Amino acid sequence: MEAESEPYVRLASLRQLHQVMADMNTARSLADTLQTVANGVVTALGYELACVNLVRPDGDLVVAAFSGNPAAEALITGRVGSRESWERRLAMGETWGDLIFIPHTEGWILDDDDVPQWYTDGPAPRFEDEWHPSDRLFAPMYTPAAPGGNGTCGELIGVLSVDRPRNGRRPGAWGREALQMYAFQAAIAISNARLRANMQRALVRLEREQQALRASEESFRQAFEYAPSGMAIAEMGGDQHGRILRTNDALCRLLGRPASAMRRYSFSDLVHPEDIGTLLRTSAEGGRAELRLGRRDGTYLWVSLRNSVVADAADGPRFLLTHVEDIEDRKRRELQLAHRASHDSLTGLPNSAELRSRLSSRLCKRPQSTHPAAVDAMDAQGHPAFDTNGHGFDFRTDGAESLDEAYDHHVHTVAPGDGARDDGTKGLAVLFCDLDGFKSINDRFGHNAGDAVLIEVARRLTRGVRDGDTVARLGGDEFVILADGLGSADAQDLAVRLRNEIIQPIRAEGRAVRVGASFGIGWAHCGMTADEVLKSADERMYVEKRSRPKQHRRAG
């Protein structure tokens with residue numbers, strides 16, 4: 001374009017300028033765009049040198065592209081000039097529209113700043129508009145102004161530096177207008193290239209994140225599907241709360257149910273009715289619980305549930321990830337140990353400690369009263385007594401509205417009247433049984449025969465009572481029966497039936513032996529301790545034993 005005489009411009013020069021601008025907007029990358037911008041200044045605008053100084057994120061400007069001199073390109077490409085120095089340059093010299101021209105008469109003060117620059121050699125100007133080697137011409141590049149903004153330009157994104165026009169003259173009106181228009185188009189092309197680069201980086205990051213997500217999902221799927229213990233994912237919240245969405249093979253095998261059938265249930269449908277409360281607490285809070293789940297064959301299996309709540313930032317808790325571990329063997333061992341601790345190893349009956357625990361659980365201690373008549377307030381059976389006017393004494397304590405509230409709503413155990421005067425009251429009968437003639441069997445036939453007798457007696461006692469009654473071995477040849485809801489006559493009848501069962505011949509060590517039994521009937525009522533109840537029954541048993549002739553004790 002240097003050969004044209006303004007305002008006459010060759011059509012070929014315009015076509016060349018148009019082609020350069022098209023190349024700027026079709027470059028494949030930001031680096032290609034910057035180099036195309038620098039090359040276009042040389043090929044289309046008629047300058048021998050062009051430099052693209054790009055604003056970095058920190059505000060300083062870096063030489064991002066250079067054209068026209070390979071030696072200069074190698075020297076200054078990549079070097080950085082401070083924003084402060086550049087702002088000083090753009091604030092001095094002559095303004096040609098948006099261009100900044102700093103003549104050699106003023107530019108000498110910039111020789112020592114930190115802006116990278118290339119000095120060209122040449123003769124001094126011979127006429128007024130001739131280009132001097134130390135002249136400087138800058139074309140700032142701004143992003144387009146935002147719609148509705150007050151200014152004509154947006155943010156500074158870089159500066160084009162040009163040097164040595166080929167015609168040797170300072171650019172005229174057409175040259176200035178062309179460079180200014182070129183800088184405007186270059187700013188748009190660079191902004192678009194930056195946007196494309198950012199989008200490409202974002203797409204690369206997104207693809208990497210998606211690959212990582214797919215890898216994570218595959219790892220989870222592998223861990224979920226092939227875990228040696230049961231795994232399940234259940235819905236949280238909404239109408240389908242608790243519904244099982246997905247199970248692994250281990251859980252299906254554990255419960256004997258196919259995966260398609262498992263999706264019709266929630267864990268609340270499968271849990272043992274006694275464990276539903278434990279399940280609900282665990283599901284709401286996450287955490288761990290031990291409970292029983294139903295198998296397809298109707299049996300229940302002890303499992304350990306470990307729940308983890310899966311949530312997202314937007315919707316909160318979404319799913320419940322449940323790990324199900326089979327603990328049937330451990331639970332069985334624990335129950336066996338607990339049974340051994342509370343039951344007699346020979347007969348399998350509850351032992352002395354378990355007997356006292358069961359008996360104590362039915363009894364409560366009467367609250368202490370400061371009422372003057374409290375000492376005489378209970379009759380022999382533990383019933384509240386009455387004053388001389390027939391009114392019951394009021395023993396309320398701590399603001400309780402009634403005696404029952406003072407006893408914490410406990411259902412009190414009371415004793416019926418004696419056998420001769422059965423008043424219809426039902427109570428907790430305690431039958432103390434001592435075998436007659438057992439020692440002689442041990443002495444004559446050995447302890448194995450004695451053990452066989454004890455086992456058979458335990459079996460006959462258990463067979464002779466109701467479901468829910470307790471038969472315990474207190475120790476040696478002493479047994480105790482707890483039978484609730486009996487009157488005095490009922491307890492006597494029970495003792496007779498059990499004695500008649502015990503006196504039947506027993507096979508022990510290949511021979512038939514016989515033992516007798518003495519029963520003492522005591523009655524438990526609140527205010528007594530377990531030991532007091534057992535002592536009372538024991539004393540009655542000895543009374544009954546002494547009242548029978550010795551020769552008739554074994555025969556009953």
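What you see is a predicted model; the values in this text were computed from it and never measured.
- Glu328 places a side-chain N or O within donor-acceptor distance of the main-chain N or O of Trp302, the cut-off being under 3.5 Å.
- A donor atom on one side chain and an acceptor atom on the other are not found under 3.5 Å apart for Ser229 and Asp326.
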Requested in this report: Any chance you could lay out the side-chain hydrogen bond (donor to acceptor under 3.5 Å, both in side chains) test for Trp96 and Glu94, step after step, and finish with the verdict?
Outcome: CA-CA 6 Å; Trp96 296 348; Glu94 303 174 15; 3.3 Å; yes
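- Using a cutoff of 4.0 Å between basic side-chain nitrogens and carboxylate oxygens, Glu274 and Arg292 are scored as salt-bridged.
- Look at Lys331 and Glu334 and you find a salt bridge, because one of the NZ, NE, NH1 or NH2 atoms lies within 4.0 Å of a carboxylate O, short of that distance.
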Requested in this report: Please lay out, stage by stage, how Arg89 and Phe138 fare under the test side-chain contact (heavy atoms from CB on, under 4.5 Å).
Outcome: CA-CA 9 Å; Arg89 289 177 177 233; Phe138 303 116; 3.5 Å; yes
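- Judged by distance alone, the side chain of Ser216 and the main-chain N or O of Ala212 form no donor-acceptor pair under 3.5 Å.
- In this structure, Arg214 pairs ionically with Glu207, as a charged nitrogen and a carboxylate oxygen lie closer than 4.0 Å.
- Across every non-hydrogen atom of Leu279 and Val271, the tightest pair is CD2-CG1, 3.9 Å.
- In terms of modelled atom types and a separation under 3.5 Å, the side chain of Ser357 and the main chain of Ala353 share no donor-acceptor contact.
- In the displayed structure, Arg56 atom CZ is contacted under 6.0 Å by more than 12 heavy atoms of other residues, nucleotides or ligands.
- Side-chain atoms of Thr143 come within 3.5 Å of backbone N or O of Glu155 as a donor-acceptor pair.
- Between Arg246 and Glu225 there is a salt bridge, since at least one side-chain N of the basic residue sits less than 4.0 Å from a carboxylate O of the acidic one.
- Judged by the 6.0 Å and 45° rule, Arg164 forms no cation-pi pair with Tyr47.
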Report task. Verify side-chain contact (heavy atoms from CB on, under 4.5 Å) between Asp275 and Leu293, making sure each step is shown before the conclusion. Result -> CA-CA 9 Å; Asp275 299 333; Leu293 292 181; over 6 Å; no
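- Atoms CZ and CG, on Arg136 and Leu110 in that order, are 5.0 Å from each other to the nearest 0.5 Å.
- Donor-acceptor pairing under 3.5 Å is recorded for the side chains of Trp131 and Asp163.
- Taking every heavy atom of both residues into account, Met262 and Leu251 meet most closely at CE-CD2, 4.0 Å.
- Looking at every heavy atom in both residues, Met141 comes nearest to Leu156 through O-CD1, 3.4 Å.
- Partners of Asp344 according to the side-chain hydrogen bond (donor to acceptor under 3.5 Å, both in side chains) rule, which considers only residues two or more places apart in sequence or in another chain, are Thr347, Arg473.
- Side-chain contact between Glu48 and Arg166 is present, with heavy atoms from C-beta onward closer than 4.5 Å.
- Partners of Asp23 under the side-chain hydrogen bond (donor to acceptor under 3.5 Å, both in side chains) rule, at least two apart in sequence or in another chain, are Gln19.
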Side chains of residues 72-82: which donor-acceptor pairs under 3.5 Å do they make with residues two or more places apart or in other chains?
unit_1: Thr77; atom_1: OG1; unit_2: Glu73; atom_2: O; d: 2.6
unit_1: Ser82; atom_1: OG; unit_2: Ser85; atom_2: N; d: 3.3
unit_1: Ser82; atom_1: OG; unit_2: Ser85; atom_2: OG; d: 2.9
unit_1: Ser82; atom_1: OG; unit_2: Asp114; atom_2: OD1; d: 3.2
unit_1: Ser82; atom_1: OG; unit_2: Asp114; atom_2: OD2; d: 3.0

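- Put simply, the side chain of Val63 reaches to within 4.5 Å of the side chain of Cys51, judged on heavy atoms.
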Listed pairs under 3.5 Å, donor-acceptor, residues 196-204 side chains, sequence neighbours left out:
unit_1: Asn198; atom_1: OD1; unit_2: Arg201; atom_2: NH2; d: 2.2
unit_1: Asn198; atom_1: ND2; unit_2: Arg194; atom_2: O; d: 3.3

Requested in this report: Step by step, work out the side-chain contact (heavy atoms from CB on, under 4.5 Å) result for Asn307 and Arg288.
Outcome: CA-CA 6 Å; Asn307 289 325; Arg288 182 170 183 166; over 6 Å; no
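- With sequence neighbours excluded, no residue forms a side-chain hydrogen bond (donor to acceptor under 3.5 Å, both in side chains) with Glu106.
- Glu209 has no carboxylate O lying under 4.0 Å from a charged side-chain N of Arg205, or vice versa, which leaves the two without a salt bridge.
- Inter-residue side-chain proximity for Met231 and Thr322 is flagged as unmet; no heavy-atom pair is nearer than 4.5 Å.
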Which atom pairs, one a donor and one an acceptor, fall under 3.5 Å between side chains of residues 179-187 and the rest of the protein, sequence neighbours left out?
unit_1: Gln180; atom_1: OE1; unit_2: Asp98; atom_2: N; d: 2.9
unit_1: Tyr182; atom_1: OH; unit_2: Val37; atom_2: O; d: 2.8

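- Ser266 and Asp269 form a side-chain donor-acceptor contact under 3.5 Å, judged by distance and modelled atom types alone.
- No donor-acceptor pair under 3.5 Å is formed between the side chain of Asn53 and the backbone N or O of Gly158.
- Across Cys252 and Pro258, no two heavy atoms sit closer than the pair SG-C, 4.0 Å.
- Side-chain contact between Asp467 and Asp469 is absent, with no heavy-atom pair separated by less than 4.5 Å.
- In this structure, the separation between CG on Asn25 and CD1 on Ile190 is 10.5 Å, given to the nearest 0.5 Å.
- A cation-pi arrangement is not found for Arg221 relative to Tyr226, the charged atom failing to lie both closer than 6.0 Å to the ring centre and inside a 45° cone about the ring normal.
- Side-chain polar atoms of Ser345 and Arg340 form no donor-acceptor pair below 3.5 angstrom.
- Side-chain contact check for Leu45 versus Val162: every heavy-atom pair is 4.5 Å or farther apart.
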Query - Test log, rule side-chain contact (heavy atoms from CB on, under 4.5 Å), inputs Phe319 and Leu321 - result: CA-CA 6 Å; Phe319 305 106; Leu321 178 62; over 6 Å; no
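- Between Val303 and Leu291 there is a side-chain heavy-atom pair separated by less than 4.5 Å.
- Closest approach of Ser67 to Asn39, counting heavy atoms only: OG-OD1, 2.9 Å.
- Taking both residues in full, the closest heavy atoms of Gly93 and Ile102 are given as CA-CG1, 4.2 Å, listed atom of the first, atom of the second, then distance.
- No side-chain donor from either of His343 and Asn351 sits under 3.5 Å from a side-chain acceptor of the other.
- With a 4.5 Å cut-off on side-chain heavy atoms, Leu320 and Ile233 do not count as touching.
- Side chain of Arg176 to backbone of Pro171: a donor-acceptor contact under 3.5 angstrom is found.
- Formation of a donor-acceptor pair under 3.5 Å by the Arg243 side chain with backbone atoms of Tyr265 is not found in this model.
- Using a 4.5 Å cut-off on side-chain heavy atoms (C-beta onward), Thr105 and His132 make no contact.
- Judged by distance alone, with hydrogens and angles left aside, the side-chain atoms of Asp60 form a donor-acceptor pair with the main-chain N or O of Arg83 at under 3.5 Å.
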